[in-house]
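Only one structure is covered here, and it is reproduced in the block below.
Quantities reported herein were computed from a predicted structural model and do not represent experimental measurements.
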Amino acid sequence: MLHIHNTLTRRKEAFVPIDPGKVRMYVCGMTVYDYCHLGHARVMVVFDLVARWLRASGFKLTYVRNITDIDDKIIRRAGERGESIRTLTDRFIAAMHEDADALGVLRPDHEPRATEYVTQMQSLIGRLREKGLAYVAGNRDVCYSVRKFDSYGRLSGKSLDELRAGERVEVAGDKQDPLDFVLWKHARTDEPDEVKWASPWGTGRPGWHIECSAMSSDLLGERFDIHGGGQDLQFPHHENEIAQSEGAHGHTFVNYWMHNGFVRVDDEKMSKSLGNFFTIRDVLKRFDPEVVRFFILRAHYRSPLNYSDAHLEDARQALTRLYTALRNVEPSDAGIDWDEPHAVRFRAAMDDDFNTAEAVAVLFELANEANRTGSAATAAQLKGLGGVLGLLAREPASFLQGRIAGEPDEEGGVAIEAMIERRALAKKSKDYAEADRIRAQLLASGVVLEDTPQGTVWRRA
RNA sequence: GGCGCGAUGGCAGAGUGGUUAUGCAGCGGCCUGCAAAGCCGUGUACAUCGGUUCGAUUCCGGUUCGCGCCUCCA
């Protein structure tokens, strides 16, 4: 049975969906004003994996990952670039999809854009006003009154007094409590018309937190099973979502909260503000996207993940081993045999809060067994279980001979084959000096030759 | 300052109250014309100090160090 670590209780809990056999999951996605970095890659890959495993486990899943296409930074960036909000956000949404596709991240069932849900946000704010949980501040912003929501702080494990908003930051003077947050931002004259919506509280635009409450309830209902996102969203974003949704609806919002750990650089969180981030597309110039995915999946989703070229290279070597096994042993086209011992362990690992590190270890044991026995069934298990993780789906040669940057190098491949042919002739006439010279020459250009009973094969070093 | 998380072999990274994680790197062997790949073998790993226990890396407490959140952030 699947167990999930629930941030709300800080424990692993048996997963029981609200509707038997069905799961509804919402994940906070990207604010689209720039290219995605590796931290975003981790969220996308981690929850893609959760989605895949839920489906593999037989659940009918509805997966929503939102897009924030209206916020301060977007407005500022569009202004700097002299382009419309829509042009800017469309461009970065397209870029995000390219990156996600490359990493083998399947599209969620719904990817709602905040700007398409302003009506629903307004009706939610209206309900909060009716219930006395929201007020119009002196500056005409509509704010949520956190003191009126009893369990505020439960998700982040803090009390209101502990949070002490004044500790580190000057508080805007218009709020009744420093921790109150904006639901509806009153329009500023210097902002473009594109970010102005009419509302009962005057022209303006929505605050950040309200969009997720509105979109999730619209697409998944007022109560659903899993809500996910990066650890940094735990507070205040998810705390505020709970306050909004439970405040408006009067009942539990989400049963299981999941938060993935950070990607780090030199043991520090990778983030925009620290400026120590690597974009996905930059990393993909030097590493195969499947290596990046494998790198993410090799660690547990809640652990910190340190990024470095050396670690990516290590991941590449490891993945090479798996693909080498599939090259050495042709898998049968049988599906996964879930009763086979490796698969049983794989399932147990995944059911234990998505322990992909353990699941990947099982893959290596299958690779070893396939190499040892030459069993096509074992190779099929390897490929099949790898596929559950979104790995090992390619032809081994595509991975082993692939160039990182650019298109498949067909011409280079032909040249390499020609040299292998010449070396074969040299070997046949026992001219080992010539054969070794050719091999060394190829090695110098990053091509490794392997002589097998079926002939010579090559891969990139 | 408040709250929380973590410290595993050369590196990465799971896990467990008593028996092999796994991968990379290294070393020895087999295979090979030689290699490569693969296979076999190979590492007194669990921050530190106490406590509980027949027995702790695994449970409890202290200490040290690192990280995160408390502010936009995946």
(Q) Does B/A74 have OP1 or OP2 under 4.0 Å away from a side-chain N or O of A/Asn260? (A) no
Q.
If the threshold is 4.0 Å, N to carboxylate O, is there a salt bridge linking A/Arg281 and A/Asp99?
A. yes
Q: Would you indicate which nucleotide in B/C24, B/A37, B/A14 comes nearest to any side-chain atom of A/Glu450?
A: B/A37
Q | Polar contact flag, side-chain donor to acceptor under 3.5 angstrom, A/Asp109-A/Thr62 | A | no
(Q) What is the separation between atom CG on A/Asp267 and atom P on B/G6, rounded to the nearest whole Å? (A) 16 Å
Q) Given A/Arg205, which of A/Asp72, A/Asp141, A/Asp71 fulfils the salt bridge (charged side-chain N to carboxylate O under 4.0 Å, His left out) condition? A) A/Asp72
Q) For B/C46, which nucleotide is its Watson-Crick or G-U wobble mate, given both distances must be under 3.5 Å? A) none
Q.
For a quick test of reading the model: is some side-chain N or O of A/Arg372 closer than 4.0 Å to OP1 or OP2 of B/C40?
A. yes
Q) So does A/Asn368 reach the base of B/G38 with its side chain, donor to acceptor, closer than 3.5 Å? A) no
Q.
Going by purine N1 to pyrimidine N3 plus the second Watson-Crick contact, or the G-U wobble pair, all under 3.5 Å, which nucleotide sits opposite B/U32?
A. none
Q. What's the closest nucleotide to the A/Lys158 side chain, out of B/G23, B/A37, B/G2?
A. B/G2
Q: State which of B/A21, B/A14, B/A36 makes the closest approach to the side chain of A/Glu365.
A: B/A21
Q: Scan every strand shown for a Watson-Crick or G-U wobble partner of B/A37, both distances under 3.5 Å, and answer none if you come up empty.
A: none
Q | Closest-nucleotide 5' rank along RNA chain B - winner of A/Ala361 and A/Ser156 | A | A/Ser156
Q. Among B/A74, B/A37, B/G23, which is the nearest nucleotide to the side chain of A/Asp314?
A. B/G23
Q) Which nucleotide in the list B/A14, B/C70, B/A74 gets nearest to the side chain of A/Ser303? A) B/A14
Q) Would you say A/Arg459 reaches B/A37's phosphate, i.e. side-chain N/O to OP1/OP2 under 4.0 Å? A) yes
**Q.** Complement of B/G55, any strand, by Watson-Crick or G-U distances under 3.5 angstrom
**A.** none
Q | Distance-only polar pair, side chains of A/His209 and A/His238, donor-acceptor under 3.5 Å | A | no
Q) With respect to the side chain of A/Gln231, which nucleotide from B/C24, B/G68, B/C69 is positioned closest? A) B/G68
Q. Checking only heavy atoms, does the side chain of A/Lys272 share a donor-acceptor pair with the base of B/C72 at less than 3.5 Å?
A. no
Q.
Just to verify, which of A/Arg11, A/Glu13, A/Lys12 counts as forming a side chain to side chain donor-acceptor pair (under 3.5 Å) with A/Thr9?
A. A/Glu13
Q: Counting heavy atoms from C-beta on, name the nucleotide in B/G68, B/G33, B/G38 closest to the side chain of A/Glu268.
A: B/G68
Q. Should B/G1 form a Watson-Crick or G-U wobble pair with both distances under 3.5 Å, which nucleotide is its partner?
A. B/C70
Q: Send over the distance from A/Met96 CE to B/A74 P, rounded to a whole Å.
A: 12 Å
Q: Would you tell me if any nitrogen or oxygen in the side chain of A/Thr31 comes within less than 4.0 Å of OP1 or OP2 on B/C72?
A: no
Q) Given that both distances must come in under 3.5 Å, which nucleotide forms a Watson-Crick or G-U wobble pair with B/U22? A) B/A12
Q.
By nearest atom, which of the nucleotides B/C67, B/G33, B/A37 is closest to the A/Arg264 side chain?
A. B/C67
Q) Think A/Lys427 has a side-chain N or O under 4.0 angstrom from the OP1 or OP2 of B/C34? A) no
Q: Establish whether the base of B/C34 is bridged to the side chain of A/Arg439 by a donor-acceptor pair shorter than 3.5 Å.
A: yes
Q.
I'd like to know whether the aromatic ring centres of A/His227 and A/Tyr256 sit less than 6.0 Å apart in this structure.
A. no
Q: Looking only at side-chain atoms of A/Asp436, point me to the closest of B/C34, B/A14, B/G38.
A: B/C34
Q: Among B/A74, B/A12, B/C72, find the nucleotide with the atom closest to the side chain of A/Val43.
A: B/A74
(Q) Both distances below 3.5 Å, Watson-Crick or wobble geometry, any strand: find the nucleotide opposite B/G17. (A) none
Q: Can you tell me the pairing partner of B/A7 across any strand shown, Watson-Crick or G-U wobble, with both distances under 3.5 angstrom?
A: B/U64
Q: Measure from NZ or CZ of A/Lys175 to the centre of the six-membered ring of A/Tyr144, then state whether that distance is under 6.0 Å and the direction lies within 45° of the axis.
A: no
(Q) Does B/C39 have OP1 or OP2 under 4.0 Å away from a side-chain N or O of A/Arg321? (A) yes
(Q) Tell me whether the side-chain N or O atoms of A/Asp451 pair up with the base of B/C34 as donor and acceptor below 3.5 Å, since no angle test is needed here. (A) yes
